[in-house]
Amino acid sequence: MIIVDRIENGLAICEVDDTMVDIPLSKISKDVKEGDVLKDNGNGVSYTVDAAMTKQRRDEIDTLFEKLKTKNKK
């Protein structure tokens, strides 16, 4: 899974299997933002945002955050 950690200096700094990889923004669809999951278009040359996987990850994170907030109120 390729996850965008941050965007800086024309690069998407991504986590890929516990390794950080720099991908030029020119190789990624224009709508990319931090936290997005990318999918390789099959050639390692271009990437697009995987909207479904990004939403799934964000929903999971939101659920965990809500559980944490509820736990800390006790």
Side-chain angles (χ1 to χ4, degrees):
M1 186 178 308
I2 305 168
I3 303 167
V4 178
D5 180 68
R6 63 188 181 280
I7 297 172
E8 57 184 40
N9 301 323
L11 296 171
I13 314 304
C14 302
E15 182 179 344
V16 182
D17 300 324
D18 296 324
T19 302
M20 300 309 281
V21 177
D22 298 348
I23 301 174
L25 289 177
S26 61
K27 294 185 176 190
I28 306 172
S29 57
K30 301 293 182 202
D31 57 343
V32 66
K33 54 191 170 298
E34 293 174 359
D36 283 347
V37 176
L38 302 180
K39 58 183 171 184
D40 185 337
N41 290 333
N43 53 12
V45 175
S46 64
Y47 304 84
T48 54
V49 174
D50 186 334
M53 185 60 76
T54 297
K55 181 181 179 341
Q56 179 181 338
R57 284 191 74 249
R58 287 193 172 132
D59 289 347
E60 289 171 2
I61 291 167
D62 288 345
T63 299
L64 289 171
F65 184 66
E66 288 303 317
K67 286 180 181 178
L68 182 62
K69 285 186 348 186
T70 302
K71 182 180 178 181
N72 285 334
K73 286 183 180 179
K74 293 180 181 179

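All residue numbers refer to positions in the sequence shown, counting from 1. Computed from a prediction, not measured in an experiment: that's the story for all the values here.
Side-chain N or O atoms of Asp59 include none that pairs as donor or acceptor with a backbone N or O of Gln56 at under 3.5 Å.
Contact of the Val4 side chain with the Leu38 side chain is registered, since non-hydrogen atoms from C-beta on lie closer than 4.5 Å. For the pair Ile7/Val32, a side-chain contact is recorded, criterion being any heavy-atom separation below 4.5 Å from C-beta on. Thr48 places a side-chain heavy atom less than 4.5 Å from the side chain of Asn41. Put simply, the side chain of Asp50 does not reach to within 4.5 Å of the side chain of Ile2, judged on heavy atoms.
Comment: Glu60 does not engage Arg57 in a salt bridge, judged by the lack of any side-chain N to carboxylate O separation of less than 4.0 angstrom. We find that Asp36 and Arg58 are joined by a salt bridge, their nearest charged nitrogen and carboxylate oxygen being less than 4.0 Å apart.
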Q: Tell me, with the steps shown, if Val37 and Val49 meet side-chain contact (heavy atoms from CB on, under 4.5 Å).
A: CA-CA 6 Å; Val37 176; Val49 174; over 6 Å; no

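Remark: Tyr47 OH to Asp40 CG distance equals 5.0 Å, nearest 0.5 Å.
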Would you tabulate the side-chain donor-acceptor contacts of residues 9-22 under 3.5 Å, counting partners in other chains and residues two or more places apart, or write 'none'?
none

